Amino acid sequence: MSYKIETRNVDLYYGDFHALKNVSMQITPKTVTALIGPSGCGKSTFLRLFNRMNDLIEGVKIKGDILIDNKDIYKIKTTEVDQLRRNTGMVFQKPNPFPKSIFENVAYGLRVNGIHDRKKIEEQVEKSLKQAALWEEVKDKLKKSAFEISGGQQQRLCIARALAVEPEVLLMDEPASALDPISTSKIEELIYELKNNFTILIVTHNMQQASRVSDFTGFFLLGDLVEFDKTKKIFTNPVKQQTENYITGRFG
Amino acid sequence: MLAFPKNIDQIKMRNQRIMFWIARGISYSIIAILILILFFILKRGIGVINWEFFSTMPKEGMTKGGILPAIIGTLYLVAGSMIIAFPIGMLSGIYVNEYAREGQVKRFIKLMTNNLAGVPSIVFGLFGMALFVNQLNFGASILAGSLTLALLALPLIIRTTEESLKAVDNTFRHASYALGASKLYTIRKVVVPIAFPNIITGLILGIGRVSGETAPILFTVAAYFLPRLPNSVFDQCMALPYHLYVISTSGTDIETSRPIAYGTAVVLIAIVLFVNLLANFLRNYFSRKVKMK
């Protein structure tokens with residue numbers, strides 16, 4: 001069986017701080033994997049391995065193999081990092097649309113990467129907004145500022161922005177933690193839809209969310225991947241005591 | 001049972017009120033000082049202000065006539081120094097905040113920028129004379145004066161650029177990188193547009209500083225009396241602050257020259273206010289353009 005993403009014995013250090021300890025995980029294509037664990041456990045750091053966002057932090061040291069489509073993404077040329085990042089869309093905790101129009105936000109990734117054909121851009125913007133279930137709500141105000149729509153809509157705009165460059169992997173770092181319950185459920189429905197076309201990793205603090213949206217769940221604690229299994233298994237019959245303590249809310 | 005002091009709530013309330021009134025009094029008195037200055041100068045200078053004062057050359061040993069060459073000179077110097085200092089200062093601020101790695105070098109650059117801001121303006125004047133006027137042979141000229149004033153304004157512009165960029169949330173940068181954008185593209189298309197309204201503040205501060213300075217232009221450009229408008233950047237020119245100094249200190253006919261001095265001060269203040277308003281307008285314009293809420 002071929003995995004979309006695979007890590008083998010990954011260690012990551014911020015200076016002297018050992019943030020990820022010998023983490024190995026295999027992720028199946030077109031599934032949703034939830035990464036859970038208390039704050040500071042390394043789950044966001046783990047997520048940022050796959051588009052090499054950790055590279056932006058000074059003093060980071062990474063050991064082990066990190067593969068996407070069986071290719072070690074830390075052994076590629078510097079010029080191939082942009083291609084990697086195109087291939088792995090990212091959605092952040094707080095909605096962070098650029099101070100541009102709704103249209104230009106989605107078009108940004110296309111323009112960055114040298115697509116200037118207006119017709120092509122328009123098509124792609126519409127397609128991405130539809131994929132992000134936002135098209136109907138914004139199709140009449142594409143020229144309006146992205147700050148004029150609600151927080152939940154902004155987050156779906158950020159998802160559309162990420163989808164526009166046609167990635168295969170979608171990295172979501174607590175994408176609903178800053179949103180109200182209704183917007184959150186819209187994002188969750190969207191994740192469920194997107195699973196058909198994308199491999200999704202989602203960091204979340206919300207146990208219910210993890211159990212609702214994901215197929216697999218990884219539980220991190222102090223940099224260790226304590227347990228990784230089918231979500232159903234993790235939430236009904238975890239092997240490790242620590243996992244059970246966490247999901248039942250005894251610490252966190 | 002715990003016995004709280006009697007009237008403790010009244011005492012707290014009283015202390016609150018006292019502090020509040022002190023703070024309010026101090027901030028109002030600052031406004032009062034500004035109004036007092038304006039009133040004082042306006043009262044003495046308004047008498048000489050008419051169209052002729054703006055539009056004609058000084059006459060009869062600067063005891064009569066207008067101050068046109070000084071107004072034009074100051075406008076040239078402000079524009080010239082900002083054309084030089086704003087792009088350089090902005091690029092330098094961008095380098096310090098976006099490119100320079102944390103550490104010795106960056107700390108050193110910041111320290112030196114701060115030191116540069118602390119150099120007395122007369123020292124800039126001497127330096128400008130030695131380098132631009134003599135060494136580079138520009139002579140006493142608008143070019144030499146603008147360059148000297150630009151040096152004076154640089155640290156302000158660098159610092160405000162740096163602070164404005166620092167205020168841009170990192171997630172904007174990360175979102176851009178995550179889409180495969182380069183650092184340069186991210187800075188050009190995302191970071192600087194967000195920070196630009198605040199960067200303009202640096203421009204405003206720079207203009208305020210430069211337009212009122214006398215010492216840096218003393219040896220580098222300012223003409224004591226030049227009854228014509230400058231022809232090129234290699235020409236000398238008159239300037240409002242220096243003109244003000246000249247007519248306040250020289251001349252024997254104080255009766256007639258004093259009102260002209262105050263009139264010049266009124267014009268100088270009016271120009272600074274006007275340019276500040278213009279820059280504020282620019283700032284709001286860019287603010288609306290990036291539509292930050």
Side-chain angles (χ1 to χ4, degrees), chain A residues 47-48 50-59 78-102 104-115 144-148 154 157-158 161-167 169-173 178, chain B residues 94-110 161-201 282-293:
Chain A
L47 189 78
R48 282 157 191 263
F50 304 111
N51 58 352
R52 294 192 42 171
M53 282 308 240
N54 290 324
D55 296 15
L56 302 173
I57 303 162
E58 278 172 43
T78 323
T79 48
E80 289 175 303
V81 173
D82 287 350
Q83 192 197 335
L84 167 74
R85 288 185 178 155
R86 267 202 303 277
N87 202 26
T88 49
M90 187 161 210
V91 180
F92 298 79
Q93 183 171 359
K94 250 176 44 193
N96 59 351
F98 298 133
K100 300 172 184 292
S101 69
I102 293 169
E104 283 304 320
N105 262 280
V106 187
Y108 185 86
L110 302 170
R111 294 194 201 280
V112 165
N113 295 296
I115 295 175
K144 287 260 173 71
S145 163
F147 292 109
E148 286 174 27
Q154 285 182 15
L157 178 64
C158 291
R161 181 176 68 186
L163 297 179
V165 290
E166 301 189 338
V169 176
L170 205 51
L171 308 171
M172 306 180 111
D173 194 352
Chain B
I94 289 173
Y95 172 75
V96 172
N97 197 65
E98 301 294 322
Y99 287 99
R101 283 171 165 270
E102 291 299 329
Q104 297 280 327
V105 178
K106 185 169 171 178
R107 270 209 301 281
F108 186 69
I109 295 176
K110 286 186 152 188
T161 303
E162 220 186 294
E163 296 300 322
S164 325
L165 294 173
K166 207 185 279 172
V168 176
D169 202 296
N170 254 332
T171 65
F172 287 118
R173 294 183 180 85
H174 291 174
S176 177
Y177 297 148
L179 289 162
S182 66
K183 192 160 189 168
L184 177 65
Y185 195 93
T186 303
I187 290 170
R188 267 177 48 215
K189 296 288 178 172
V190 177
V191 181
V192 169
I194 294 174
F196 204 66
N198 289 329
I199 295 177
I200 299 270
T201 312
L282 265 180
R283 187 183 134 144
N284 289 340
Y285 169 76
F286 284 113
S287 222
R288 245 176 291 129
K289 211 172 152 201
V290 300
K291 292 162 186 157
M292 293 293 287
K293 279 191 183 163

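Just so it is clear: chains get the letters A, B, ... in the order the sequence lines come, proteins before strands, and each one is counted from 1. Just so we're clear, the structure is a prediction, and the values are computed from it rather than from any experiment.
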Interchain contact, B:Asp169 with chain A, by part (heavy-atom threshold 4.5 Å): side chain
Can you measure from CE (A:Met53) to CG (A:Leu47) and round to the nearest 0.5 angstrom? 10.0 Å
Could you check which of A:Asn113, A:Val91, A:Asn51, A:Thr88 has the highest count of heavy-atom pairs closer than 4.5 Å to chain B? A:Asn113
Below 4.5 Å, heavy-atom pairs only: which of A:Gln83, A:Arg161, A:Lys94 has the largest tally toward chain B? A:Arg161
Relative to chain B, which segment of A:Pro167 carries a heavy atom at a distance below 4.5 Å: side chain, backbone, both, or neither? neither
Geometric class of the A:Tyr108/B:Tyr185 ring pair [parallel <30°, tilted 30-60°, perpendicular >60°]: perpendicular
If the plane angle is over 60° it's perpendicular, under 30° parallel, otherwise tilted; pick one for B:Phe286 and B:Phe196. perpendicular
Atom group of B:Arg101 that falls short of 4.5 Å from chain A, counting heavy atoms: both
Check: B:Lys189 main-chain N/O paired with A:Lys100 side-chain donor or acceptor under 3.5 Å: yes
Largest heavy-atom contact set with chain B, pairs under 4.5 Å, which of A:Glu58, A:Arg86, A:Met90, A:Arg52: A:Glu58
Does a side chain donor of either B:Tyr177 or B:Thr186 reach within less than 3.5 Å of an acceptor in the other side chain? no
